[in-house]
**Student:** 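Next up is a structure, given as structure tokens.
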Amino acid sequence: MSRTTRLSPSLLRAAAVTGVAALALTACGSGSGSSSTSAGSGKVKVGLITKTDTNPFFVKMKEGAEKAAKEDGAQLMTAAGKFDGDNAGQVTAIENMVAAGVKGILITPSDSKAIVPAVQKARAKGVLVIALDTPTEPQSAVDALFATNNFNAGTLIGQYAKAAMKGKTAKIATLDLAPGVSVGVLRHNGFLKGFGATDKDVVCAQDTGGDQAKGQTAMENCLQKSPGINLVYTINEPAALGAYTALKAKGREKDVLIVSVDGGCTGTQAVKDGKIAATSQQYPLKMASEGVKAVVSYAKNGKKASGYTDTGVNLITDKAQTGVTSKDTGFGLQNCWG
């Protein structure tokens, strides 16, 4: 992952002003990343604003938007911040896209609350605004949300872990994201519900920011605190691989169950290799492609997309458990990102 979005206004907002100039805004004719379409082309203009253009999740999201724009004969404009948390850059991108005459904007908010005023201004000018992957706060600040149900993603791996433990008493470690981050909270709570546990049953909880190195350190700390840990939930696969490294160093990699969320290609390969038992896979390409199609539809018939569209999640594992629906890593690697 790490696609951090805080529910409270970001402390990075002031610093983000210096990063505005680094925000890339490009217009792509028929989804091409290299060509440009003139303003008089008559094509429907669609904007895509991601948190960064380097995270594999957002690279795949852009790929989905480009493909859909090409199929629908739309003109795609894209923007991405230099760093995760660049709210000021996202505000500038919205303003630039509105001025350029986009019919709709797809955005993965870096700050769920701070972006709302800019979104409201765009909507007041008749621009359809759809959040991808991460909801705004409130969710109703945008016209629609196309995203994974992160609570369900967590529930799936919780159910899997419960079945895989086969009645053994679980000593649970949770390697989370960061306090107050919606994606992390939903996945964590979903996992606990799926397993049938509460935070009181967690023997060690550490924040990792979704980072592999921090995941390793967190796991090392947890093993010091509670050497008998036998089940590890991680916010994403980089954190899971960090946990695996720490466990392997202690000779514990074969007797501790690790479950995760995201479904990136590296993480899915780790499931195939036996480092991670299972992961819940989400689909950023689908989020973006459906978003583009919704904007084009709005341009043609005036009907706005609304509410929440679940873009799906699948449990990926090669060690299926009775009563838990899953797909194998062959499917996972065909549909992964990154």
Side-chain angles (χ1 to χ4, degrees), residues 1-4 55-57 84 150 153-162 164-166 168-181 183-192 194-195 197-281 315-319 329 338:
M1 200 167 115
S2 152
R3 305 186 305 283
T4 308
N55 186 308
F57 188 88
D84 196 331
N150 282 292
T155 300
L156 269 176
I157 58 169
Q159 292 171 339
Y160 175 87
K162 184 70 173 180
M165 291 295 287
K166 300 188 185 304
K168 289 191 295 185
T169 300
K171 293 186 177 180
I172 305 170
T174 63
L175 304 192
D176 297 303
L177 190 56
V181 181
V183 170
V185 171
L186 289 167
R187 293 181 183 184
H188 174 101
N189 291 344
F191 165 76
L192 291 178
F195 193 84
T198 69
D199 280 314
K200 293 181 180 179
D201 300 307
V202 177
V203 299
C204 183
Q206 295 269 307
D207 293 328
T208 68
D211 178 79
Q212 185 165 337
K214 291 179 180 178
Q216 180 176 343
T217 300
M219 191 73 249
E220 290 167 349
N221 292 340
C222 283
L223 287 171
Q224 284 188 332
K225 179 181 179 182
S226 183
I229 288 167
N230 57 10
L231 172 59
V232 180
Y233 152 82
T234 68
I235 179 63
N236 66 358
E237 292 136 6
L241 288 170
Y244 175 84
T245 301
L247 288 164
K248 187 175 182 179
K250 294 288 187 180
R252 298 284 317 281
E253 76 275 14
K254 295 188 182 301
D255 57 28
V256 178
L257 188 76
I258 303 175
V259 293
S260 195
V261 181
D262 253 4
C265 294
T266 300
T268 304
Q269 183 63 46
V271 175
K272 183 176 181 179
D273 294 341
K275 297 177 180 179
I276 303 172
T279 192
S280 286
Q281 186 172 68
L315 182 74
I316 304 298
T317 184
D318 285 334
K319 298 178 180 178
T329 55

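All figures in this text were calculated on a predicted structure; none of them were measured in a lab.
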**Student:** Work out which heavy atom in R252 is nearest to a heavy atom in L223; give both atom names and the distance.
**Tutor:**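 Nearest heavy atoms, R252 then L223: NH1-CD2, 4.0 Å.
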**Student:** Before giving the answer on side-chain hydrogen bond (donor to acceptor under 3.5 Å, both in side chains), spell out for Q216 and E220 the whole-Å C-alpha distance, their side-chain angles and the decisive distance to 0.1 Å.
**Tutor:** CA-CA 6 Å; Q216 180 176 343; E220 290 167 349; 3.3 Å; yes
**Student:** Rounded to the nearest 0.5 Å, what separates atom CD in Q224 from atom SG in C204?
**Tutor:**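 It comes to 10.0 Å.
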**Student:** Please round to the nearest 0.5 Å and tell me the distance separating atom CG of D211 and atom CG of L175.
**Tutor:**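 Those atoms lie 12.0 Å apart.
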**Student:** Can you name the nearest heavy-atom pair linking P179 to D207, along with the distance?
**Tutor:**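 Taking every non-hydrogen atom into account, CD-OD2, 3.3 Å.
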**Student:** Verify side chain to side chain contact (heavy atoms under 4.5 Å, CB included) between F195 and D201, making sure each step is shown before the conclusion.
**Tutor:** CA-CA 11 Å; F195 193 84; D201 300 307; over 6 Å; no
**Student:** Is S280 reaching over with its side chain to a backbone N or O of V261, donor-acceptor style, under 3.5 angstrom?
**Tutor:**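 Judged by distance alone, no pair lies under 3.5 Å.
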**Student:** R187 and side-chain hydrogen bond (donor to acceptor under 3.5 Å, both in side chains): which single residue from D262, D176, T234, T174 fits?
**Tutor:**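 When D262, D176, T234, T174 are each tested with R187, the side-chain hydrogen bond (donor to acceptor under 3.5 Å, both in side chains) holds only for D262.
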**Student:** Work out which heavy atom in A197 is nearest to a heavy atom in I172; give both atom names and the distance.
**Tutor:**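 For A197 versus I172, the nearest heavy atoms are CB-CD1, 4.3 Å.
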**Student:** Write down the atom of K248, the atom of E253, and the distance for their closest heavy-atom approach.
**Tutor:**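 Here K248 and E253 meet closest at CA-OE1, 3.3 Å.
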**Student:** Does the side chain of T217 come within less than 4.5 Å of T208's, by heavy atoms?
**Tutor:**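 T208 vs T217: side chains apart.
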**Student:** Is it true that a side-chain atom of N230 and a backbone atom of K171 form a donor plus acceptor pair closer than 3.5 Å?
**Tutor:**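 Judged by distance alone, yes, a pair lies under 3.5 Å.
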**Student:** Apply side chain to side chain contact (heavy atoms under 4.5 Å, CB included) to the pair I229 and V203, showing each step before the final yes or no.
**Tutor:** CA-CA 8 Å; I229 288 167; V203 299; 3.7 Å; yes
**Student:** Closest heavy-atom contact between C222 and Q206?
**Tutor:**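 Heavy atoms of C222 and Q206 come nearest at SG-CG, 3.5 Å.
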**Student:** How many angstroms lie between CG in D199 and CG in L192, if you round to the nearest 0.5 Å?
**Tutor:**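 It is 5.0 Å, given to the nearest 0.5 Å.
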**Student:** Evaluate the side-chain proximity of V185 to H188: yes if any heavy-atom separation is below 4.5 Å, no if none is.
**Tutor:**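 Contact flag for H188/V185 side chains = no.
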**Student:** Spell out, as yes or no, whether a donor-acceptor pair under 3.5 Å connects the side chain of Y233 to the backbone of G158.
**Tutor:**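 Judged by distance alone, no pair lies under 3.5 Å.
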**Student:** Ignoring hydrogens and angles, tell me if any N or O in the side chain of E237 forms a donor-acceptor pair with the backbone of G264 under 3.5 Å.
**Tutor:**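 Side chain of E237 to backbone of G264, a donor-acceptor pair under 3.5 Å: yes, one is there.
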**Student:** Should L247 and D255 be marked as a side chain to side chain contact (heavy atoms under 4.5 Å, CB included) after you check the CA-CA gap, both sets of side-chain angles, and the distance that decides it?
**Tutor:** CA-CA 9 Å; L247 288 164; D255 57 28; over 6 Å; no
**Student:** Can you list the steps and then say if L231 with V256 is a side chain to side chain contact (heavy atoms under 4.5 Å, CB included)?
**Tutor:** CA-CA 6 Å; L231 172 59; V256 178; 6.0 Å; no
**Student:** Over all heavy atoms of both residues, which pair between A164 and L257 is shortest? Give the atoms and the distance, please.
**Tutor:**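 Nearest heavy atoms, A164 then L257: CB-CD2, 3.9 Å.
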**Student:** To the nearest 0.5 Å, what is the distance between CD on Q269 and OG1 on T329?
**Tutor:**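 The CD atom of Q269 sits 7.5 Å away from the OG1 atom of T329.
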**Student:** How long is the span from the CD1 atom in I276 to the OG1 atom in T268, to the nearest 0.5 Å?
**Tutor:**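 OG1 of T268 is found 8.5 Å from CD1 of I276.
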**Student:** Check T317, T155, T279 against Y160 for a side-chain hydrogen bond (donor to acceptor under 3.5 Å, both in side chains) and give me the one that passes.
**Tutor:**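 Exactly one pass, corresponding to T317.
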**Student:** Measuring from S226:OG to N221:CG, what's the distance to the nearest 0.5 Å?
**Tutor:**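 Answer for the OG-CG pair, S226 versus N221, is 12.5 Å.
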